[in-house]
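Read through the structure below, which is laid out as structure tokens, and then see the notes.
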Amino acid sequence: MDPFRVLTAERGFFTRQEILNAGCSDRDIARMVREGVWVRFRRGYYAFRDEWSVLDEVGRHAVRSNAVLHSLGDAVALSHQSGVVRHGIDAWGLDLRRVHVTRLDGGAGRVEGDVVHHEGLAVDDDVVEIGGQRVLRAERCVLEAASRATNEIALVIFDSGLRLDSYTADALRAQFELMAHWPFVRHLHIPVRMADGRAGSVGESRGRWWFYFL
């Protein structure tokens with residue numbers, strides 16, 4: 001079996017260094033990309049085009065998140081919409097063009113290529129591990145992701161997290177109270193109160209939001 005297929009089955013990607021370690025050259029890499037066998041989805045990171053092409057936006061974001069964590073290591077944890085995806089919560093309406101991480105090493109916040117680095121405070125209890133990867137707790141991820149989204153999108157992802165038992169309604173509300181003074185968070189007080197794990201789908205959550213204003 002192609003050893004690179006083994007890597008993509010586990011994490012979705014292989015690296016330039018791993019290709020070189022297998023005895024290939026940069027010329028070989030260029031040829032494989034040109035012939036459409038491999039696709040480079042970020043600098044130094046590759047996937048098989050046939051596997052990449054069938055992934056939806058969420059699936060591709062998950063692979064990019066894996067690659068970013070591989071690059072940055074324990075200095076960061078996935079957060080915001082990338083944390084939402086890692087927790088398996090519905091990311092409907094969220095901007096998934098960049099991977100979002102929160103710095104755990106005191107590094108500065110910045111946008112760097114396909115990664116947004118956040119410098120928000122993260123104490124030990126804020127960080128959990130999923131599949132050996134560091135990610136902020138689900139209730140914090142959904143609130144931070146929703147802070148720059150509409151309240152309709154917020155309700156969708158809040159409901160999804162409750163439906164999946166990623167957190168309780170009390171935990172979501174308690175986290176909101178802790179973060180209420182953070183930039184862009186205060187507007188979420190309505191969807192936080194409305195969040196209900198009995199909502200069965202994105203459509204049901206959206207309908208509940210629109211009926212709220214009728």
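Start at 1 with the first residue, then count along the sequence.
Checked against the 6.0 Å centroid criterion, the rings of Phe4 and Tyr46 do not qualify as a close aromatic pair.
The salt bridge (charged side-chain N to carboxylate O under 4.0 Å, His left out) contacts involving residues 149-159 comprise Glu152-Arg206, Asp159-Arg208, where partners must be two or more places apart or lie in separate chains.
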Should Glu112 and Arg98 be marked as a side-chain contact (heavy atoms from CB on, under 4.5 Å) after you check the CA-CA gap, both sets of side-chain angles, and the distance that decides it? CA-CA 9 Å; Glu112 188 175 55; Arg98 288 190 170 100; over 6 Å; no
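Electrostatic pairing of Asp126 and Arg140 counts as a salt bridge here, judged by a charged N lying under 4.0 Å from a carboxylate O. With respect to Arg31 and Glu35, a salt bridge is recorded, a charged nitrogen being found less than 4.0 Å from a carboxylate O. Here Arg198 does not pair with Glu204 in a salt bridge; the nearest charged N to carboxylate O distance is not below 4.0 Å. Using a 4.0 Å cut-off between charged side-chain N and carboxylate O, Arg16 and Asp26 make a salt bridge. Looking at Glu18 and Arg11, a side-chain N of the basic residue comes within less than 4.0 Å of a carboxylate O on the acidic one, giving a salt bridge.
For the pair Arg42 and Tyr45, the distance from NZ or CZ to the six-membered ring centre is under 6.0 Å and the angle to the ring normal is within 45 degrees. With Phe41 as the aromatic partner, Arg60 does not meet the cation-pi criteria of under 6.0 angstrom to the ring centre and within 45 degrees of the ring axis.
Here Val54 sits alone; no ILVMFWY side chain lies under 4.5 Å from its own, so it joins no hydrophobic cluster.
Of the residues His80, His117, His118, the one that meets the side chain to side chain donor-acceptor pair (under 3.5 Å) test with His100 is His118.
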